[in-house]
Amino acid sequence: RINKLNFRAIFFGSPHSRMDSRAILGDLRSPQLIKRQSAVRKLKKGLSISASENSKIADEIEKEMIDTLEDSKSSWQSTHGMFLAAVGLLESIKLAEKSRKIIMRKALDHLEHKEYRVRLVVGSVLQALANVDGISIYLDCKKELFESIHKNFHRDGKGVNAKVQAPKFLLPTASLLELTAEENVKTDSSIDNESFLNPSITTPSVASGGATLPNIGKLSVKPASSLRGVRKEKKSMLSKPKEETKRPSTTTRVSKPADLMRWKAELREQMHDTEGWKSLETSFNALRCIIAGSKSAFDKYVDEEFLTLLEKASIHTNRFVREITYHTTAAIAQYCGIDTLRTLAKRTCVLLAKGLSDNWSQVRYASSIATRHLLTRAQKAGFAGPYLPLLLPPMCINRYYVAQGVRIYSHESWKMAMGSRGPELVAKHIDKIVDFYVAQAGADNHAVREAACACITELALKVEKKAVSPHVKTLLDTLIDCFKDDSWPVRDAACSACGDFIQAFPKESEERIMKLYKLWFDHLKDSIPTVREGAAVSLGKALKAYGSDAENIIGPKLKSSLAAVKDQKSDSTRLGGLQNVTQFGVARRVTGKESMALSDQQMYSCGSLAPKMKKRGAGCMDHSFQRPAEPWEITDGAVYLLREISDKKPELVGSLMETAAEMVSRRHYSHHVYLKKTFWKAIPIIAKNMGKRPFKRVMEPIMEPLFETLACNHKLAAHAAADCIEALDKYLGHLIFLGRMTDDMKRKLQRASHICRVRTTR
């Protein structure tokens, strides 16, 4: 049906298909990124609706774009916007060959532009050109790209110390290269190729987070105490101005030329490992974009020079360079032919394994992408076997890595590459995998240690016992070592893993069970609630595995721990004496000496930059960040244990219910509500494990403290009591539970009707 609106659209064109060239060009020059991106969307939409109608406007925008790119006085925002427009035009219409040549030349001219965002969009332009012209773009740009990469592969100031904290009075490190440019610092541009393929050779670059694959050296750290004298000199320089020498490219002044030389040396040491590489990362990104645009046509250009460059860049000091290198490897693995893929796998397999174990999550993620493309295609082609012992262990670890993107992507990659044969392949290569897990359990990165404990648990639960059995002692020793970690998530993971191991391998674990009992009981009174709960769960598994032998050890300890709150002083603490911030999962206590040492220090934006905490101590409770347990926390751990053994020893639990109710009803200390919250959350589970009839015999003592908690002012404890009342009412039956209530309990229940929906009538 033709109405007024579509009549105009048919005969005069849709008003939405006409573009306003002035508005689009104005937005492309806008200092706001969102407006530049919106202008490109309008341009592409207009060309997709009616390219012929808007061809003149497109020509006008193309001409203005070229003029802006050729104008050296244009702002970087205008240049960025015009490159975005170039991408939009290349993806929407077929530009003339002359125009494409001009755009390519201008892109190469801006390859080392001072603004990172301009350099980044240059890669998108080259990819759009490669989508149109194919491999010829690579051939035309190869010289400039490789020159830029090789020129910036090493920065001035060889051997810079990236870990020393910079005093506040130093110049910004952005001007370091200009300060040191006159000194003609020599750098060694040669790297022995054997160091990339031979795991025994140490290469001076990135810390791999504990990987057992190619060892990587660590940079030496200059003590911060050596900079104290410099601060004093700085104060004297400010108080007594002398003859001044102006620094190059900065307004900061120093007193003498000799001071300038000294400051140069200091600045060189303060340069971070991600600074000073200029356009190295973005030039690599431009190369990756060309490969993605050329696709399979790039296959025959993966030569020795290119592979050597990938090998060197994958162990570069700069983590961003390592990341983009693995993305480049992924692009090649995705589009190259099978013969090239074989060569690529042989040359980069060790490097991919190292990237999968990198200390930086972004590098791990990029390496995971490359590994997925390479391994899935190699599996289909039938030549993945020799590389599995090297790639399987870090792939397993990354399925439990703390970074969610890495973890989810690694799970998907595992399903795609291994299918349902995962446990079978792990059992086949168990020796290599166990060695890797043991090494990762000693990594500097706490998240890696936690993931290693989770993977060891997986061996006990999912892999064939015959394959794991010879390694049980080694794995248990590793977990016991992690039991003494400063990071409570690592301790928690190790605690749970030990419980799974003794349940799966009770005979093999007998030699170490007494040591494990001690560790579990010590963690049952840990200051972290989840650690206490994990220890209780593991003790429940030990009781199931060893029966009466375990009961003789656990029973007396449970009774004494349950009554520990009697010794609680009125000034109780919860996580007391600790900082209000955590580092690597640990709330650290601040002592008097540390309060001065920790003041006026450099702050870190990422945990991977911060100093790593130690992995172990002399004993389970011999940790520098631990504090003595409060008596109420010991009882809290006993409540968790009471819950865990209620399905295995209901008689023992029933005999202790009156004592537990008495301990929970105590209110002489300030943190009694936390113990109550734990107890009321455990009661519904205990009731179901014991059964209705046995539980009804022992529930009388808990009724009064249950309703007292319901009426308290602490919301968490009150809600826990309300949930407990609702669960018991549903499990035992409303009439039976109502019959156990007194009139006072019913009044409290009515006043708490906003959080508890149990009726007070039949």
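Since the structure is predicted, the reported quantities are computational estimates derived from the model, not experimental observations.
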Within this structure, what is the [atom1]-[atom2] distance for the pair [X] and [Y], rounded to the nearest 0.5 Å?
{"X": "Met82", "Y": "Glu62", "atom1": "CE", "atom2": "CD", "value": "12.5 Å"}
{"X": "Arg119", "Y": "Ser148", "atom1": "CZ", "atom2": "OG", "value": "9.0 Å"}
{"X": "Met418", "Y": "Leu392", "atom1": "CE", "atom2": "CG", "value": "4.5 Å"}
{"X": "Ser38", "Y": "Ile34", "atom1": "OG", "atom2": "CD1", "value": "7.5 Å"}
{"X": "Ser74", "Y": "Asp71", "atom1": "OG", "atom2": "CG", "value": "3.5 Å"}
{"X": "Ile149", "Y": "Glu144", "atom1": "CD1", "atom2": "CD", "value": "12.0 Å"}

- Task: If the plane angle is over 60° it's perpendicular, under 30° parallel, otherwise tilted; pick one for Phe146 and Phe306.
- Result: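 Tilted, since the angle between the ring planes falls between 30° and 60°.
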
- Task: Measure the acute angle between the ring planes of Trp76 and His80, then classify it against the limits of 30° and 60° as parallel, tilted or perpendicular.
- Result: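 Correct class here is perpendicular.
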
- Item | side-chain contact (heavy atoms from CB on, under 4.5 Å) between Thr282 and Val122, intermediate numbers included | CA-CA 9 Å; Thr282 50; Val122 163; over 6 Å; no

Give a yes or no on whether a salt bridge exists between [X] and [Y], defined as a side-chain N under 4.0 angstrom from a carboxylate O.
{"X": "Glu323", "Y": "Arg364", "answer": "no"}
{"X": "Asp67", "Y": "Lys63", "answer": "yes"}
{"X": "Glu91", "Y": "Lys44", "answer": "yes"}
{"X": "Lys101", "Y": "Asp140", "answer": "yes"}

Flag, side chain of [X] to backbone of [Y], donor-acceptor distance under 3.5 Å:
{"X": "His316", "Y": "Phe153", "answer": "yes"}
{"X": "Gln127", "Y": "Ile290", "answer": "no"}
{"X": "Ser294", "Y": "Ile291", "answer": "no"}
{"X": "Ser367", "Y": "Tyr326", "answer": "no"}
{"X": "Ser99", "Y": "Leu95", "answer": "no"}
{"X": "Asp27", "Y": "Ala39", "answer": "no"}

Indicate yes or no: at least one non-hydrogen side-chain atom of [X] is less than 4.5 angstrom from one of [Y].
{"X": "Phe320", "Y": "Val363", "answer": "no"}
{"X": "Arg41", "Y": "Gln37", "answer": "yes"}
{"X": "Thr329", "Y": "Ser314", "answer": "no"}
{"X": "Phe83", "Y": "Met65", "answer": "no"}
{"X": "Val40", "Y": "Leu28", "answer": "yes"}
{"X": "Glu305", "Y": "Lys142", "answer": "yes"}
{"X": "Ile103", "Y": "Leu89", "answer": "no"}
{"X": "Asn445", "Y": "Tyr401", "answer": "yes"}

Going by distance alone, is a donor N or O of one side chain under 3.5 Å from an acceptor N or O of the other, for [X] and [Y]?
{"X": "Ser413", "Y": "Arg372", "result": "yes"}
{"X": "Asn398", "Y": "Arg407", "result": "no"}
{"X": "Tyr400", "Y": "Glu458", "result": "yes"}
{"X": "Ser30", "Y": "Gln77", "result": "no"}
{"X": "Ser78", "Y": "Arg29", "result": "no"}

- Item | Test applied, salt bridge (charged side-chain N to carboxylate O under 4.0 Å, His left out); reference residue, Glu311; option that passes from Arg347, Arg322, Lys346 |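 Checked Arg347, Arg322, Lys346 against Glu311; only one passes salt bridge (charged side-chain N to carboxylate O under 4.0 Å, His left out): Arg347.
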
- Task: Inspect the surroundings of NZ in Lys295 and state if more than 12 heavy atoms from other residues, nucleotides or ligands are less than 6.0 Å away.
- Result: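 Check passes, neighbour count above 12.
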
For [X] against [Y], the heavy-atom pair lying closest together:
{"X": "Ser92", "Y": "Leu47", "value": "CB-CD1, 3.7 Å"}
{"X": "Ile338", "Y": "Ala381", "value": "CD1-CB, 4.2 Å"}
{"X": "Leu280", "Y": "Asn152", "value": "CD2-O, 3.6 Å"}
{"X": "Ala467", "Y": "Ala427", "value": "CB-CB, 3.8 Å"}
{"X": "Arg117", "Y": "Glu115", "value": "NE-OE2, 2.7 Å"}
{"X": "Leu374", "Y": "Ala333", "value": "N-CB, 4.0 Å"}

Suppose we call two aromatic rings close when their centres sit under 6.0 Å apart. Are [X] and [Y] close by that rule?
{"X": "Trp277", "Y": "His154", "value": "no"}
{"X": "His373", "Y": "Tyr335", "value": "no"}
{"X": "Phe284", "Y": "His327", "value": "no"}
{"X": "Tyr365", "Y": "Tyr409", "value": "yes"}

- Task: Please assess Ser283 against Leu111 for the test side-chain contact (heavy atoms from CB on, under 4.5 Å), listing each intermediate value before the final yes or no.
- Result: CA-CA 7 Å; Ser283 295; Leu111 192 63; 4.0 Å; yes

- Item | Full working for side-chain contact (heavy atoms from CB on, under 4.5 Å) between Met395 and Ser410 | CA-CA 7 Å; Met395 288 179 69; Ser410 298; over 6 Å; no

- Evaluate the side-chain contact (heavy atoms from CB on, under 4.5 Å) criterion for residues Tyr116 and Ser279: first the C-alpha distance (whole Å), next the side-chain angles of each, then the deciding distance (0.1 Å), finally the verdict. CA-CA 8 Å; Tyr116 170 79; Ser279 61; over 6 Å; no

- Could you please spell out the steps behind the side-chain hydrogen bond (donor to acceptor under 3.5 Å, both in side chains) verdict for Thr328 and Arg288? CA-CA 5 Å; Thr328 305; Arg288 180 199 66 81; 5.5 Å; no

- Query: Which is it for Glu281 and Arg319 under the salt bridge (Lys or Arg N to Asp or Glu O under 4.0 Å) test, yes or no, and what are the steps along the way?
  - Reply: CA-CA 10 Å; Glu281 178 198 354; Arg319 62 182 182 273; over 6 Å; no

- Item | Counterpart residues, side-chain hydrogen bond (donor to acceptor under 3.5 Å, both in side chains), relative to Asp133 (two or more places apart) |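 Asp133: side-chain hydrogen bond (donor to acceptor under 3.5 Å, both in side chains) contacts with Arg100.
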
